[in-house]
Amino acid sequence: MRTKETWFTVLMEGLAKFPPRPTGAGEMFQLFRDGEPRTRASLVAETGQSRSTVAARIDALCGIGLLVPAGEASSTGGRPPSTFAFDPSARIVLGVDLGATHARIAVTDLAGTPLTVLDEPLAISDGPDHVLGWVADTAHKLVAQAGRDVTELAGIGIGLPGPVDHTTGRPVNPPIMPGWDGTDVPAVLHARLGAPVLVDNDVNVMSLGEHATVCPEVDDLLFVKVATGIGAGVIMDGHLRRGAQGAAGDLGHVTVPGAEDIPCRCGNTGCLEAVAGGLAIAQKLRDGGATIAAAPDIVDLVRSGDVAAGQAVRQAGRDIGTVLAASVSLLNPARIVVGGILAGAGEHLMAGIREIVYQRSLPLATQHLRIVPSGAGSQAGVIGAATLVTEQYLAPPTVDALVSSQEDS
Ligand SMILES: [Zn+2]
């Protein structure tokens, strides 16, 4: 008689003996994304496919430019075998990071390495015509500076400082972007640059940038932005998770216990953002007699050693920690990264968050959990925006489609 245990044992032994193998050219290409060159023989061993299949797939991947010959491997005798490697310079990508008052644009290669970068003050409130016109003009200029042509663009990734419907690329009621609601950002830029355009909100783009530049080996990560607003990007199994409507990670409007009488700009009361966001902390400090206007002033005050400001930020950290503790129980991330302008207030914010998350989560979920400030530099936004494109462009279905269209032509 086969018990559950015996069929399970058989299954596990079978999987150990015959692990799932990459099948098509697109799947095989994923092996090369670690940057290591490989020989045909090593791919036969790695994929379990026949030598002729491997040779055909290498030819196909070389045909679309994603693989290039990378010299010869050392040999134990006879003719040394040829090696092949991913060529990130095959195409270029445009990464665009638009903030409330600044814009940064980079031309990168397919590995997300910036080739040229430009950083300029630009008000998002100037509206889509002006801002997207500037993006297109600047893109043409930067691509030429990099010695490339816009026809080589694999795609354009853009992060916007407001809610975006990622499937259409249109902003949805963005509070600090007058005139942008419903703008067809992909259509406007595609008309000027002729490449696919992917749009997402700034928090998701920052999460991708942090993941790509600081901790690509961490598969399960929450990136929390603490600024005027509070939001999070959710990376699970190595991929950004947006949820059914793209609203995953919107922590700012989760209710904080004990704050039911505090109104929030969303129309509800007791939201995390209304209690622990930059505006809320600034108001609290003004009520205590401090003369500050916005989030950067809070950071300055904390850094100058102001006790009340330090305490206010620490309490904000505890409130954020309360909401994050629930997220830790739900998602079991390996790392929580804290970014946004208030992360610049240093240990006070981190200490408040850590205090509550470690206290309120079960030991199994926090055993290896690290809660750290963002380590990505100022280019994380543009690299994250470029990653929006490369995640799609280098994925197996796209690579297979490129191979098919090459074979048909
Ligand atoms: Zn709210």
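Residue numbers run from 1 in the order of the sequence given. When a ligand or atom number is given, it counts from 1 through the structure's own listing order.
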- With 2.8 Å as the limit, jot down which protein N, O or S atoms are around the Zn ion (ligand 1). H253 ND1, C264 SG, C266 SG, C271 SG
- Note on the structure: Contacts satisfying ring pair (Phe, Tyr, Trp, His ring centres under 6.0 Å) that involve residues 28-52 (not counting sequence neighbours) are F29-F86
- With sequence neighbours excluded, give me every ring pair (Phe, Tyr, Trp, His ring centres under 6.0 Å) pair touching residues 346-374. none
- Item | Results of side-chain contact (heavy atoms from CB on, under 4.5 Å) for T228 - residues two or more places apart only | L279
- Using only heavy-atom distances, determine whether the side chains of D306 and S304 contain a donor-acceptor pair under 3.5 Å. no
- Note on the structure: To the nearest 0.5 Å, atom CH2 of W180 lies from atom CG of D129 at 9.0 Å
- Task: Applying side chain to side chain donor-acceptor pair (under 3.5 Å), run through Q311 and R314 and close with a yes or a no.
- Result: CA-CA 5 Å; Q311 282 172 349; R314 195 177 185 107; over 6 Å; no
